[in-house]
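Down below is the structure, laid out as structure tokens.
Residue numbers begin at 1 in each chain, while the letters A, B, ... track the order of the sequences. Hydrogens, waters and symmetry mates are skipped; everything else that's a heavy atom, side chains included, is used.
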Amino acid sequence: MSNHSAGGSTDCVTRFAPSPTGHLHIGGARSALFCWAYAKRMGGRFMLRIEDTDAARSSDESARGIMEDLAWLGIEWDDGPSLTTRGGRVIGAQARDVGGYFQARRVPVYNRYIEQLVRAGRAYPAFETSEEIEAQRKAAVAAKQTYRYPRPTEIEFGVFNAALEARWTRACAGESHVIRFAAPREEIVVPDQVLGDVKIAAGELDDFVIRKGDGFPTYHFAVVIDDQTMGVTHVMRAQEHLANTPRHVALQRALRDEKTGEAFRTPGYAHMPLIFNMDGSKMSKRDKAKFARKAAKDAIAKDAAAKGRLVAGTGLPEKTITDFLAAETDAVEIAEKVGRFMNLTLPEVEVHDFRANGYIPEAIVNFLALLGWNPGMKTADGKDLEKFDMKFIAEHFSIERIGRTNAKFDRAKLLSFNGDAIGAMSDAEFAGRWRAWCEEFEPEFAKAVPAGGWETLGRAVKARAKTLRDGVRASAFLMLDDNSYPFDQAAVAKNLTASDGAGLKMVRTVRDRLADVEPFEAGIIHSILEQLAQQSGGMGAVAQPIRVAMTGSAVSPPLGETLAVLGKARTLARLDRCLRTMSV
RNA sequence: GGCCCCGUCGUCUAGCCUGGUUCAGGACACCACCCUUUCACGGUGGGUACAUGGGUUCGAAUCCCAUCGGGGUCACCA
């Protein structure tokens with residue numbers, strides 16, 4: 001039996017290793033999900049490691065945000081930093097002790113292995129500045145040649161000779177340097193469980209940097225050391241890393257574990273397909289700027305004055321807006337301000353964006369699982385099985401069924417999944433989750449919902465909401481000022497004043513019937529409307545006039561709930577105002 | 001450009017490994033109709049794909065090769 005109670009055994013250990021330089025990208029979330037799923041399926045452990053060796057770009061705030069996003073999705077780690085959820089539960093509480101899950105705190109470990117490599121003649125200090133290297137690289141490119149760092153002639157592969165010792169002494173004395181790996185001149189085979197064996201010819205690798213001038217290891221080095229010392233057995237990541245993997249394999253062959261003295265293991269690799277936008281571009285934060293810019297330019301093309309309104313509406317300096325429109329800057333903050341002012345839904349690229357726009361984690365996780373993986377099962381009626389939950393993924397995930405072809409992220413399908421997931425909730429569950437979301441992301445609206453009104457309103461809105469935010473849109477009637485909301489004139493003409501004011505007469509009738517209703521509940525209101533409908537030529541003749549009178553438009557959720565949530569006083573006030581201000 | 005990976009409807013994909021049961025199935029999107037108190041929901045139906053060219057074979061989406069196309073990677077970023 002395993003002595004690790006929280007997760008499974010250490011026979012299988014997968015890891016997700018983000019660098020904390022921003023929010024969790026949706027593609028990263030998929031990587032994490034697959035790693036998690038495989039570990040669960042194998043009864044192993046899923047680890048979260050923070051790769052913060054880029055001191056300039058990393059932040060603890062980002063690390064925390066990433067952990068919260070993962071937790072929100074339901075992707076919880078057995079090993080990694082601990083995170084206390086809102087419910088007070090601690091994720092990572094049973095983590096194994098592997099010497100820290102933040103790479104920046106593991107520098108002494110890396111340095112020991114650096115020295116091991118140097119003394120084995122497999123790594124050496126190099127003293128060129130990055131400017132010098134850059135100049136050489138440019139010259140090579142200009143000459144249409146592939147740049148490879150030329151190994152100094154005095155360095156003998158696999159031998160700690162006098163020249164190397166002299167370099168090492170200079171480095172240890174504090175002279176500015178990097179450490180480079182003496183790459184082997186032999187073919188390297190990366191055994192990949194998705195792609196099969198990927199062979200890289202001898203001489204393709206050059207002596208890449210494994211420790212930077214600032215003393216931190218590079219990604220390539222830290223990954224190899226950590227995966228070995230933390231017992232990682234399976235490395236699953238996006239295909240963009242495939243071309244880096246030979247470096248890792250080469251490093252593994254050159255290193256020995258300082259505890260066991262044995263050569264490093266080569267973990268099982270599985271590189272998964274990449275995810276792109278529908279137009280084939282990379283999904284990036286810049287997509288928000290592109291989207292907002294296009295919308296703004298379109299508006300200005302229609303009406304030149306729109307730019308002035310944009311400046312005023314966003315509160316940004318005119319120069320900032322001008323630069324933004326000219327694509328001088330892709331700043332997310334500007335894009336978001338423009339988006340907010342223009343009432344745009346900017347394209348989501350980070351998990352947090354989806355959350356803020358009203359997506360629910362079950363739908364995201366389900367959709368993500370289908371991007372590059374497929375259970376290959378049928379439902380009872382013979383269709384492809386597409387809808388499933390985390391439990392299913394944990395039970396059925398397999399590397400063999402990971403695809404090889406890149407995928408485009410189809411937001412329309414995600415939206416459909418989200419709508420279905422919302423539709424599958426009970427009314428009570430929807431009401432609870434919708435309310436919690438509104439309180440966090442639409443506090444103004446949340447305040448406007450009367451106490452006890454959430455379930456009634458939720459029932460009215462659930463079927464027409466593909467996102468939680470849609471529920472707010474559908475409830476726009478609630479936010480109207482009872483005495484000044486505008487009327488859609490076409491709707492008024494059609495439903496109120498037409499046929500000699502038949503609609504207005506109906507409003508009058510309904511108003512009088514409603515005045516006595518007690519309690520003012522959706523079901524009761526509905527049955528009253530139904531009665532009237534029977535007496536007067538169908539529900540359309542009753543409902544549409546009321547709808548227009550109550551909301552100013554011909555579109556709203558069902559009237560029983562709409563009126564009930566508004567309450568008797570507001571309902572009568574609105575009907576009265578309509579009667580007062582309108583005539584044939 | 002060098003090296004590497006990939007190529008089934010607009011998109012995600014099933015089928016490919018173990019060639020025939022597939023003039024290729026599902027889902028999303030789209031269109032039409034039905035239902036209907038508006039908007040939605042739901043129901044029914046429809047169009048659309050094996051990149052191209054060569055092989056192998058009685059037979060190829062499935063095996064082989066070439067071409068074309070897409071992508072990744074070549075940092076003191078991860």
TODO: Look at A:R180 and B:A75 and indicate whether a side-chain polar atom (N or O) is within less than 4.0 Å of OP1 or OP2.
DONE: no
Side chain of [X], base of [N]: donor and acceptor closer than 3.5 Å?
X: A:E240; N: B:G71; answer: no
X: A:K413; N: B:A27; answer: yes
X: A:D410; N: B:A29; answer: no

TODO: Answer yes or no: is there a side-chain heavy-atom contact under 4.5 Å between A:V492 and A:M582?
DONE: yes
- [ ] Flag the pair A:R148 / A:T146 as yes when at least one side-chain heavy-atom distance between them is below 4.5 Å, and no otherwise.
- [x]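 Contact flag for A:R148/A:T146 side chains = yes.
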Open item on the list: Using Watson-Crick or G-U wobble geometry with both distances under 3.5 Å, which nucleotide pairs with B:U57?
Closed with: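 WC or wobble partner does not exist here.
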TODO: Counting Watson-Crick and G-U wobble pairs only, both distances under 3.5 Å, name the nucleotide matched with B:C33, or none.
DONE: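 When the pairing criteria are applied, B:G43 turns out to be the nucleotide that pairs with B:C33.
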Protein-nucleotides 1-8 of chain B N/O pairs closer than 3.5 Å?
none

Listed nucleotide nearest any side-chain atom of [X], set [options]:
X: A:F276; options: B:A14, B:G71, B:C74; answer: B:G71
X: A:V555; options: B:U38, B:C12, B:C77; answer: B:U38
X: A:A412; options: B:C28, B:G71, B:A78; answer: B:C28

